[in-house]
Amino acid sequence: MRCCFDFTGPRWLQNMKWKEVERYLKKGGATVILPCGQTEQHGPHLPMGTDTYAAMAMAADLAEEVDALIAPPLWFGWAPRMQAFAGSVTLRAETLEMVLFDCLQVLACQGFKNIYVLNGHRRENLPPMEIACTRARYETGAWIAILDPSYFGMKEQLELRDGNANLLSHAAGFETANMLYVVPDLVHSELFADTPEEGQLNVDQYVMKDKALLYDTPEEFRALRGEKGVRGTVTWASEEKGRQYHQAVVAAMADFVRQQNKRTVKLRTTAAIV
């Protein structure tokens, strides 16, 4: 399978020896990136691992830019409404919160002062993530932040959209372009089809209509998404747009991380979890 990043690379914790991690920390390394995604339907044309592949690819390039290590990805997030589509899996919000909290606490206890959770699943993962990251910051003293592609490289994202209103809608233009760049062999371009504008009340921030914060039931979500599970324009996506999107987001994240890593961080705990 063609892929724009190397999952077998030397910065991934699962590929390293423990002495290599210890050596990184002793030499002053202090940063780890934890990619988090989701396994859920992304229309008939994209893989269900889209959110995780996006987070992994960004984490791989970001780690090179800021000299970080990368924790193994979390493939499951919080997405109860996606149960309406076959193969889509969700954790309970409190389960995701606790799994993430445990990972963050252990990493901080081992000496990682700067921890970045790179979220590929957009707003749905954010509530339990914010709680977990806040708890872990308060308890360990580590600098812990969530990096969400929706909030980085915004100027470039707007320039790339070609007037498309549903800029970040599920399985639409940018997610499709990104997967054409990240895992092109898993994209079925022959199934690209534009669909009507997003109909949800809690829509993409680039769709100019009033919005409310609420969460659809699986039945409501299936009715809104139709049989394809997609809302928004897809056919404008290209591998080149995916590359430009990916690089713009990673560059913005790298700038943010470099600035934040200048902070003086004093870890408050070395206690193991039980």
Side-chain angles (χ1 to χ4, degrees), residues 1-8 35-61 73-77 79-90 118-125 149-150 157 160-200 203-204 206-207 216 218 221-250:
M1 182 183 75
R2 287 181 298 154
C3 186
C4 80
F5 68 96
D6 183 8
F7 191 45
T8 67
C36 294
Q38 165 62 354
T39 301
E40 66 180 27
Q41 74 84 14
H42 274 79
H45 60 292
L46 296 181
M48 292 204 293
T50 288
D51 295 341
T52 312
Y53 287 130
M56 291 165 67
M58 290 177 182
D61 284 351
L74 297 183
W75 284 90
F76 298 123
R81 63 186 181 184
M82 286 295 176
Q83 296 173 86
F85 294 87
S88 301
V89 179
T90 185
L118 207 161
N119 177 37
H121 185 44
R122 294 192 58 212
R123 72 173 192 86
E124 287 180 278
N125 269 354
S150 302
Q157 290 191 41
L160 286 168
R161 71 175 179 161
D162 287 344
N164 173 44
N166 283 54
L167 179 61
L168 294 171
S169 191
H170 186 75
F174 266 136
E175 284 198 310
T176 301
N178 195 24
M179 288 302 100
L180 282 169
Y181 173 64
V182 174
V183 283
D185 290 348
L186 297 182
V187 179
H188 290 283
S189 57
E190 74 278 8
L191 298 179
F192 286 3
D194 295 338
T195 55
E197 184 180 285
E198 182 71 82
Q200 292 172 266
V203 295
D204 186 324
Y206 290 105
V207 177
D216 315 296
F221 189 69
R222 182 64 181 254
L224 286 166
R225 291 289 165 157
E227 287 307 304
K228 292 184 176 180
V230 184
R231 280 290 177 263
T233 53
V234 172
T235 54
W236 64 279
S238 69
E239 182 176 347
E240 176 58 20
K241 286 187 182 295
R243 181 189 67 79
Q244 293 179 50
Y245 162 77
H246 172 92
Q247 291 180 347
V249 171
V250 170

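Any value given below was found using the heavy atoms of this structure, including those in side chains, with hydrogens, waters and symmetry copies removed. This structure is a prediction, so every number in the text was calculated from the model and none was measured.
A search for salt bridge (Lys or Arg N to Asp or Glu O under 4.0 Å) contacts involving Glu40 returns nothing, not counting sequence neighbours. Take Ser189 and apply the side-chain contact (heavy atoms from CB on, under 4.5 Å) test, not counting sequence neighbours, and it matches Phe192. When the ring pair (Phe, Tyr, Trp, His ring centres under 6.0 Å) test is applied to His121, no partner is found at least two apart in sequence or on another chain. Every side-chain contact (heavy atoms from CB on, under 4.5 Å) that Ala248 has, sequence neighbours left out, goes to Glu156. Checked against side-chain contact (heavy atoms from CB on, under 4.5 Å), Ala54 has the following partners two or more places apart in sequence or in another chain: Asn178, Met179. With sequence neighbours left out, Thr176 forms a side chain to side chain donor-acceptor pair (under 3.5 Å) with His45. Residues satisfying the side chain to side chain donor-acceptor pair (under 3.5 Å) test with Gln244, not counting sequence neighbours, are Glu240. Residues that satisfy the side-chain contact (heavy atoms from CB on, under 4.5 Å) test with Ala177, not counting sequence neighbours, are Ala237, Lys241.
No donor-acceptor pair closer than 3.5 Å links the side chain of Thr39 to the backbone N or O of Ser88. Using a distance-only test at 3.5 Å, with no hydrogens or angles considered, a donor-acceptor pair links the side chain of Arg222 to the main chain of Ala84. In this structure a side-chain-to-backbone donor-acceptor pair under 3.5 Å is missing from Asn125 to Asn119. Although no hydrogens or angles enter the test, the distance criterion places a donor-acceptor pair under 3.5 Å between the side chain of Thr52 and the main chain of Gln38. Within the 3.5 Å criterion, the main-chain N or O of Gly229 finds a donor-acceptor partner in the side chain of Gln41.
Put simply, CG on Asp61 and NE2 on His246 are 3.5 Å apart, with the number rounded to the nearest 0.5 Å. Atom CZ of Phe76 is separated from atom SG of Cys36 by 13.0 Å, given to the nearest 0.5 angstrom.
Evaluation of the salt bridge (charged side-chain N to carboxylate O under 4.0 Å, His left out) test over residues 177-194, restricted to residues two or more places apart or in two chains, returns Arg2-Asp185.
Counting heavy atoms from C-beta outward, Gln157 and Val249 have side chains that approach closer than 4.5 Å. Using a 4.5 Å cut-off on side-chain heavy atoms (C-beta onward), Met58 and Pro149 make contact.
Taking all atoms of both residues into account, the shortest heavy-atom contact from Tyr181 to Cys4 is O-CB, 3.4 Å. Residues Glu124 and Arg81 share a closest heavy-atom pair of OE2-NE, 3.2 Å. Nearest heavy-atom pair across Phe5 and Ala60 is CB-CB, 3.8 Å.
The aromatic rings of Trp75 and Tyr53 lie perpendicular to each other, with more than 60° between the two planes, well past the 30° mark.
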